[in-house]
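Letters go in sequence order (proteins before strands), and every chain restarts at 1.
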Amino acid sequence: MDNHLKIFNSLSGKKEDFEPQAPPYVGMYVCGPTVYGDAHLGHARPAITFDTVFRYLKHTGYKVRYVSNITDVGHLEHDADEGEDKIAKKARLESLEPMEIAQYYTNRYHEDMRRLNVLRPSIEPHASGHIMEQIKMAEEILENGFAYEINGSVYFDVVKYNEKHDYGKLSGRKLEEMISNTRELSGQDEKRNPADFALWKKAEPVHIMRWESPWSDGFPGWHLECSAMGRKYLGESFDIHGGGMDLKFPHHESEIAQSVAATGREPVRYWMHNNMITLNGQKMGKSLGNAVSLRQFYSGEHPLLEQAYDPITIRFFILQAHYRSTLDFSNEALQAADKGLRKLFAVFQTLEQIEAGDTSGFDVAGFEKKCYAAMDDDFNTPVLIAHLFDAVKAVNAAKDGHISLSSTDIENLKRLFNIFVFEILGLVNTQESKHESFDKIIQLLIDIRQEARKNKNFTLSDKIRDELKASGVILKDGKEGTSWTLA
RNA sequence: GGUCGGUUUGCCGAGUGGUUAGGCAACGGUCUGCAAAACCGUGUACACCGGUUCGAAUCCGGUACCGACCUCCA
């Protein structure tokens with residue numbers, strides 16, 4: 001494993017050399033969706049970011065166990081103490097079993113992700129299937145004195161924890177400042193301190209999602225599932241934990257606290273956070289009412305969308321920005337990404353067409369080095385893509401006879417484009433024909449048109465070209481003959 | 001209010017103390033029966049004000065504006 005992968009660790013705020021604790025094995029946990037609604041563009045970002053991390057780690061030889069949860073025990077809404085969660089609320093409104101809601105949106109999430117060519121994680125645990133583990137963890141935290149029970153609920157004692165440990169080290173906060181900044185009004189609050197959070201919550205009579213526990217019929221707290229399931233499948237300490245930046249606090253901060261309080265061990269070595277996708281400079285979010293669902297992107301049915309977008313175009317669009325930068329959505333940007341993507345895909349066809357020369361007009365070895373260097377630099381996909389376009393330019397120049405590529409060059413370029421475009425970036429040419437007979441028919445029409453052109457029968461040749469274009473097949477005349485692509 | 005981050009050429013978006021990021025769009029040219037595609041060439045940008053430096057868009061300080069988190073959130 002001869003690489004020098006550097007990962008930006010949110011915990012230190014620096015790029016660090018990636019050293020898994022038990023190579024070649026890597027454990028990675030990424031916060032997944034709460035399944036009470038369709039995934040929007042924002043959900044695509046962590047999915048694609050960490051899918052690419054997963055792909056690259058595997059490519060460089062690691063054996064990766066990638067765990068990503070499905071949250072089917074709804075998090076509480078912000079009038080939290082009233083005790084209704086998102087899934088239960090949706091179930092009540094639609095007169096369905098909560099698990100019906102969760103299953104429905106889980107299925108749709110999987111389909112949305114499949115179209116983005118996101119690989120399924122190694123393990124996709126459901127929160128509802130790990131109530132026992134969560135109860136056990138809450139018990140351990142109680143035993144260790146970092147939690148207290150009151151009225152059937154269990155709360156994490158942040159103040160006590162902070163006496164021995166550092167609550168706020170991930171998000172860069174000081175507990176004292178947080179407390180002085182939080183002026184909770186609800187006099188009914190059972191919590192000793194506003195900064196405390198629930199490990200277990202007693203269910204109100206109306207609450208339909210509930211499980212038995214030593215303390216009450218209720219449900220686990222907001223942050224416990226990730227701690228419990230990460231620990232179960234990856235161990236008390238694992239390599240990478242990922243998620244959106246908005247989860248840094250309080251979710252991930254609390255995860256660290258819970259794990260340390262329960263096991264005494266630091267749970268995660270490298271924390272990775274992807275930035276937000278914005279719309280007119282504002283975060284896209286369900287509660288902000290500016291979220292466009294992935295399905296709407298695929299169909300184009302949304303007032304903000306000028307057209308439907310290929311899921312792979314969305315993937316490419318996201319990969320054209322670094323995962324730690326915000327990315328601003330617009331039709332113009334997405335359309336530009338789509339054109340660039342078509343240009344990138346065309347190189348595969350061009351590589352088949354060009355004739356090998358005796359000399360090398362392009363430094364293929366240097367190109368390969370630069371590509372790996374880009375990925376090793378905290379998964380810098382936009383720089384990788386820039387290098388790929390440099391190579392595209394060289395291949396096109398070779399096609400037009402401006403430079404020469406040796407047969408070794410061509411073979412290596414084919415190999416590298418396959419690795420980086422398909423295997424690592426996870427792009428897939430959905431517009432490529434999969435039907436041999438279709439390909440043959442198009443080739444026949446091209447031949448007929450070629451003959452017509454030879455006979456100067458331009459009426460016929462233009463008719464073939466125009467009619468094919470109307471049917472979605474675009475002909476491209478070149479020196480070496482005519483090629484085609486789907487529109 | 002607190003904490004953190006951003007401001008790059010028409011748009012998206014990298015990066016860096018002195019050398020072309022890249023994509024899209026635009027303009028000129030080559031090629032072509034025409035068109036498209038492709039190729040060649042063109043843009044000399046880094047919010048503002050100071051400072052450090054031989055040299056800063058890149059480092060430091062300040063100002064303005066924008067955003068994220070502090071409450072569910074990818």
Side-chain angles (χ1 to χ4, degrees), chain A residues 13 30-34 36 39-50 74-80 85-86 168 171-174 177-178 180-182 184 194-195 222 242-251 253 273-278 281-288 291 316-317 320-322 324-344 346 350 374 377 380-390 392-393 395-403 453 456-458 461-462 465-466 469 474-480 482-485:
Chain A
V30 176
C31 291
T34 303
Y36 68 104
H40 59 73
L41 187 61
H43 291 97
R45 190 137 200 216
I48 288 169
T49 296
F50 295 106
H75 288 176
L76 292 170
E77 299 228 320
H78 56 264
D79 44 337
D85 73 41
K86 288 172 173 169
S171 50
R173 286 155 214 268
K174 294 264 168 288
E177 292 171 7
M178 285 163 51
S180 62
N181 283 328
T182 318
E184 205 99 340
W222 315 348
M245 247 170 199
D246 48 354
L247 296 179
K248 230 175 176 180
F249 187 88
H251 186 58
E253 194 72 58
H273 290 98
N274 63 273
N275 215 317
M276 302 291 106
I277 286 181
T278 58
Q282 252 215 338
K283 175 184 167 181
M284 186 180 281
K286 216 167 243 179
S287 46
L288 295 163
F316 186 65
F317 172 67
Q320 265 191 314
H322 187 84
R324 282 192 287 113
S325 304
T326 55
L327 171 60
D328 198 50
F329 153 80
S330 69
N331 281 285
E332 203 184 354
L334 226 38
Q335 285 158 6
D338 187 64
K339 286 204 177 149
L341 180 61
R342 300 303 145 206
K343 182 172 166 183
L344 181 59
T350 310
D377 183 16
N380 199 329
T381 54
V383 167
L384 167 62
I385 289 169
H387 294 324
L388 292 176
F389 275 111
D390 285 339
V392 167
K393 197 168 188 174
V395 172
N396 286 333
K399 187 186 81 174
D400 279 22
H402 290 103
I403 66 165
R453 290 176 72 196
K456 303 223 184 285
N457 185 352
F458 297 124
S461 69
D462 286 355
R465 183 176 67 198
D466 296 344
K469 190 177 180 185
I474 292 170
L475 299 186
K476 293 194 249 186
D477 294 331
K479 277 216 170 81
E480 313 294 321
T482 300
S483 60
W484 60 276
T485 55

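Counting only heavy atoms from C-beta outward, the side chains of A/Val392 and A/Leu344 approach each other to under 4.5 Å.
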Given Watson-Crick and G-U pairs under 3.5 Å, RNA chain B in dot-bracket ([ ] crossing, | other strand) is (((((((..(((.....[...))).(((((.......)))))....(((((..]....))))))))))))....
Identify all pairs in which a protein N or O lies below 3.5 Å from an N or O of nucleotides 26-35 of chain B, and state each distance.
residue : atom : partner  : partner atom : Å
B/G33   : O6   : A/Arg453 : NE           : 3.3
B/G33   : O6   : A/Ser461 : OG           : 3.3
B/G33   : N1   : A/Asp462 : OD1          : 2.9
B/G33   : N2   : A/Asp462 : OD2          : 2.8
B/C34   : O2   : A/Arg465 : NH2          : 2.9
B/C34   : N3   : A/Arg465 : NH1          : 2.8
B/C34   : N3   : A/Arg465 : NH2          : 3.4
B/C34   : N4   : A/Arg465 : NH1          : 3.4
B/A35   : N6   : A/Asp477 : OD2          : 2.6
B/A35   : N1   : A/Arg465 : NH1          : 3.2
B/A35   : N1   : A/Asp477 : OD2          : 3.3
B/A35   : N3   : A/Arg465 : NH1          : 2.9

Which atoms of nucleotides 64-66 of chain B (N or O only) lie under 3.5 Å from a protein N or O atom, and what are those distances?
none

Can you check nucleotides 5-12 of chain B for protein contacts, nitrogen or oxygen pairs under 3.5 Å, and list what you find?
residue : atom : partner  : partner atom : Å
B/C11   : O2'  : A/Glu332 : OE1          : 3.4

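Not a single donor-acceptor pair under 3.5 Å links the side chain of A/His387 to the backbone N or O of A/Leu384.
Of all heavy-atom pairs between A/Met276 and A/Met245, the closest is CE-N, 3.5 Å.
Between B/A74, B/C69, B/G13, one nucleotide has an atom nearer to the side chain of A/His43 than all others, and that is B/A74. Among the nucleotides B/A14, B/G23, B/C70, the one closest to any side-chain atom of A/Arg173 is B/C70. Nearest to the side-chain atoms of A/Ala386 among the listed nucleotides B/C73, B/A38, B/G22 stands B/G22. Which of B/C70, B/A14, B/A74 sits closest to the side chain of A/Asn380 comes down to B/A14. Listed nucleotides: B/A14, B/A74, B/C70. Nearest to the side chain of A/Asp246: B/A74.
A distance of 7.5 Å separates CG of A/Leu327 from CG of A/Leu41, quoted to the nearest 0.5 Å. Summarising the geometry, atom CH2 belonging to A/Trp484 is positioned 11.5 Å from atom CD1 belonging to A/Ile474; distances are rounded to the nearest 0.5 Å.
Regarding contacts with the backbone of B/C39, every side-chain N or O of A/Lys393 stays at 4.0 angstrom or more from both OP1 and OP2. Using a 4.0 Å cut-off, some side-chain N or O of A/Lys343 falls inside it from OP1 or OP2 of B/C24. Contact check, A/Asn396 against B/A37: no side-chain N or O comes under 4.0 Å of OP1 or OP2. At the phosphate of B/A36, neither OP1 nor OP2 sits under 4.0 Å from any side-chain N or O atom of A/Lys469.
B/G13 atom C1' lies 17 Å from atom CD of A/Gln335, rounded to whole Å. The OH atom of A/Tyr36 sits 7 Å away from the C1' atom of B/C73 (whole-angstrom rounding). As rounded to whole Å, 6 Å separates atom P of B/U3 from atom CD of A/Glu177. Straight-line distance from the CG atom of A/Leu344 to the P atom of B/G22: 15 Å, rounded to whole Å. Rounded to a whole Å, the NZ atom of A/Lys286 is 11 Å from the P atom of B/C73. One interatomic measurement links the two molecules: NZ of A/Lys399 to P of B/C40, which rounds to 12 Å at whole-angstrom precision. When the P atom of B/G23 is taken as reference, atom NE2 of A/His387 falls 13 Å away, rounded to whole Å. In this structure, CE of A/Met245 is placed 12 Å from C1' of B/G67, rounded to the nearest angstrom.
For the C1' atoms, the distance from B/C11 to B/U63 is 28 Å, rounded to whole Å. Between B/A45 and B/G62, the two P atoms lie 28 Å apart (nearest whole Å). Annotation: B/A57 and B/G50 have their P atoms spaced 13 Å apart (nearest Å). Distance check on atom P: B/A74 versus B/C69 gives 11 Å, rounded to whole Å. Across B/C60 and B/G18, the matching P atoms stand 15 Å from one another, rounded to whole Å. Nucleotides B/G13 and B/C40, compared at atom C1', are 25 Å apart to the nearest Å. On the C1' atoms, B/A47 is 10 Å away from B/U8, given to the nearest whole Å. Here the separation of B/U58 from B/A26, taken at their C1' atoms, is 29 Å to the nearest Å.
Sorted by first then second residue, the salt bridge (charged side-chain N to carboxylate O under 4.0 Å, His left out) pairs that include residues 331-343 of chain A, not counting sequence neighbours, are A/Asp310-A/Arg342, A/Asp338-A/Arg342.
Classification of A/Arg465 and A/Asp462 as a salt-bridged pair holds, one side-chain N sitting under 4.0 Å from a carboxylate O.
Residues that satisfy the side chain to side chain donor-acceptor pair (under 3.5 Å) test with A/Lys283, not counting sequence neighbours, are A/Asp246.
For a distance-only test at 3.5 Å, the side chain of A/Lys283 qualifies as a donor-acceptor partner of the base of B/C73.
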